[in-house]
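Heads up: the structure comes next, in structure tokens.
Quick note on labels: first sequence line is chain A, next is B, and so on, each numbered from 1. Scope of the values below: all heavy atoms of this structure, side chains included, with no hydrogens, waters or symmetry mates.
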Protein chains: 2
Amino acid sequence: MILSKSCIYGIQATIFVAAQGGGGHVPISRIAEQLDISFHFLTKVLQQLTSAGILESMRGPRGGVLLARPVADITLFDLVSAIDGTDIFTECMLGLPGCGHAAPCPAHDLWLEVRNKFTQVARSVTIQALAERSAELNVRLTGSIREFLPTTS
Amino acid sequence: MILSKSCIYGIQATIFVAAQGGGGHVPISRIAEQLDISFHFLTKVLQQLTSAGILESMRGPRGGVLLARPVADITLFDLVSAIDGTDIFTECMLGLPGCGHAAPCPAHDLWLEVRNKFTQVARSVTIQALAERSAELNVRLTGSIREFLPTTS
DNA sequence: TATATTTCGGAGTCCAGACTCCGAAAACAA
DNA sequence: TTGTTTTCGGAGTCTGGACTCCGAAATATA
């Protein structure tokens with residue numbers, strides 16, 4: 001798996017929060033329920049995003065999390081970096097420490113093309129774009145095919 | 001890490017074998033020693049490549065492994081598929097089962113670009129190219145900076 | 001044939017990521 | 001103030017990948 005489970009959960013949850021419109025705090029329990037993620041585990045993941053300044057949290061009734069910055073200012077790159085770190089954007093394909101222009105591995109420049117493409121996509125995709133896309137295409141966000149947009153019922 | 005350790009060892013070992021020129025069987029013990037990989041562990045990895053038809057093995061004195069096909073016919077894609085499987089080339093970024101054109105995740109088409117780039121590179125890079133590259137650039141193949149080309153000494 | 005060399009195959013250990021559980025702290029509401 | 005809701009923080013369990021170890025089978029060489 002490219003991204004860790006934690007990272008995927010963080011991305012899904014952030015898209016979900018963004019899709020709620022930003023009116024108020026969204027309780028983690030509701031996110032976990034809607035996205036079919038373990039509540040206690042999601043708690044830990046969102047704590048990481050909170051301490052990274054991507055989410056803001058509030059305890060107590062009517063508490064929960066909300067986006068700390070405008071949706072257009074949060075990129076996929078931010079989320080992945082906050083949870084999985086930046087290794088995936090900089091690492092050598094063969095895992096050689098210090099592989100780079102000066103001391104490349106045999107696959108270095110070929111892998112660089114792939115990595116750069118990935119980095120470019122991750123940096124340019126905002127949570128806003130992903131949330132809009134979900135809404136427009138009525139696209140699924142979780143493993144189980146289920147609606148996740150603000151319930152009008 | 002993008003590729004598993006097993007997969008990386010398999011790639012390094014195959015490049016090493018290719019760089020030996022294909023004269024005879026190369027003992028796994030020598031590969032492990034030169035590349036600084038656990039012998040017993042490398043044994044298991046190379047068994048996978050043998051049963052995948054990429055390497056041929058022979059037991060007994062003067063035994064070892066050699067490439068089962070011409071170096072120009074073995075691609076990075078073959079090696080990765082044989083050891084880590086093809087998931088990495090087909091998987092959804094968010095890990096959603098069945099994510100595709102019909103039921104895409106919000107990041108589907110963006111991720112597709114990255115995945116396709118990766119697949120294209122992996123399919124077009126041959127072990128021959130990687131082995132030549134190592135030789136030409138006198139490039140390192142292992143974590144410890146050390147020569148691995150046929151020892152003239 | 002006897003012996004040394006080398007792969008084959010299975011079983012066991014170790015560790016980090018994935019996930020669970022529980023109590024504490026904060027904050028709103030009655 | 002009291003009780004309920006909710007996040008915070010730590011500790012524990014489980015599983016799969018990474019790695020080790022050992023004996024068996026095959027095969028070249030003397």
Inset, instruction - Using the six-membered ring wherever Trp is involved, compare the ring planes of B/F41 and B/Y9 and label them parallel, tilted or perpendicular (cut-offs 30° and 60°). - result: perpendicular
Legend entry - Spacing between B/H25 atom NE2 and C/dC8 atom P, to the nearest angstrom: 11 Å
Inset, instruction - Take the protein atom CG of A/L3 and the nucleotide atom P of C/dA18, then report the distance between them rounded to whole Å. - result: 11 Å
Legend entry - Ring geometry between A/F118 and B/W111 (parallel below 30°, tilted from 30 to 60°, perpendicular above 60°): perpendicular
Legend entry - Base versus backbone protein contacts along nucleotides 23-30 of chain C [heavy-atom cut-off under 4.0 Å; B, S, -]: --BBBBS-
Legend entry - Rounded interatomic separation in angstrom, taking CG from B/L42 and P from C/dC8: 11 Å
Legend entry - Options D/dT7, D/dC8, C/dA18, nucleotide nearest the side-chain atoms of A/T50: D/dC8
Inset, instruction - Remember a base hit wins even if backbone is also touched, and classify B/I28 as base, sugar-phosphate or nothing at under 4.0 Å, heavy atoms. - result: sugar-phosphate
Inset, instruction - Tell me which nucleotide among C/dA18, D/dT20, C/dT7 gets nearest to the side chain of A/S4. - result: C/dA18
Inset, instruction - Would you check if the side chain of A/R115 reaches a backbone N or O of A/E91 as a donor-acceptor pair within less than 3.5 Å? - result: yes
Inset, instruction - Give a yes or no answer on whether the side chain of A/S4 reaches the backbone of A/C7 with a donor-acceptor pair at less than 3.5 Å. - result: yes
Inset, instruction - Please state how far atom CE in A/M1 lies from atom P in D/dG17, giving the value in whole angstrom units. - result: 10 Å
Legend entry - Whole-Å distance separating the CD atom of A/Q48 from the P atom of C/dG17: 11 Å
Legend entry - Distance below 4.0 Å between A/Y9 side-chain N/O and C/dA18 OP1 or OP2: no
Inset, instruction - Starting from C1' on D/dG10, measure out to CD on A/Q47 and report it in whole angstrom. - result: 10 Å
Inset, instruction - Could you state the atom-to-atom distance from CD1 of B/I83 to P of D/dA18 in whole Å? - result: 11 Å
Inset, instruction - Tell me whether the OP1 or OP2 atom of C/dC8 has a side-chain N or O from B/S57 closer than 4.0 Å. - result: yes
Legend entry - Protein-nucleotide distance (A/L46, atom CG; D/dG9, atom P), rounded to Å: 14 Å
Inset, instruction - Could you grab the distance from atom CG of B/L35 to atom CD1 of B/I15, nearest 0.5 Å is fine? - result: 9.5 Å
Inset, instruction - Give a yes/no on whether any side-chain N or O of B/S6 is located under 4.0 angstrom from OP1 or OP2 of D/dA18. - result: yes
Legend entry - Greater than 12 external heavy atoms within 6.0 Å of B/R69's CZ: yes
Inset, instruction - Look only at the side chain of A/D78 and the backbone of A/T75, and say whether a donor-acceptor pair between them is shorter than 3.5 Å. - result: yes
Legend entry - Closest-nucleotide 5' rank along DNA chain C - winner of B/T43 and A/F39: B/T43
Inset, instruction - Look at the side chain of A/K44 and the base of D/dG10, then say whether one donor and one acceptor between them are separated by less than 3.5 Å. - result: yes
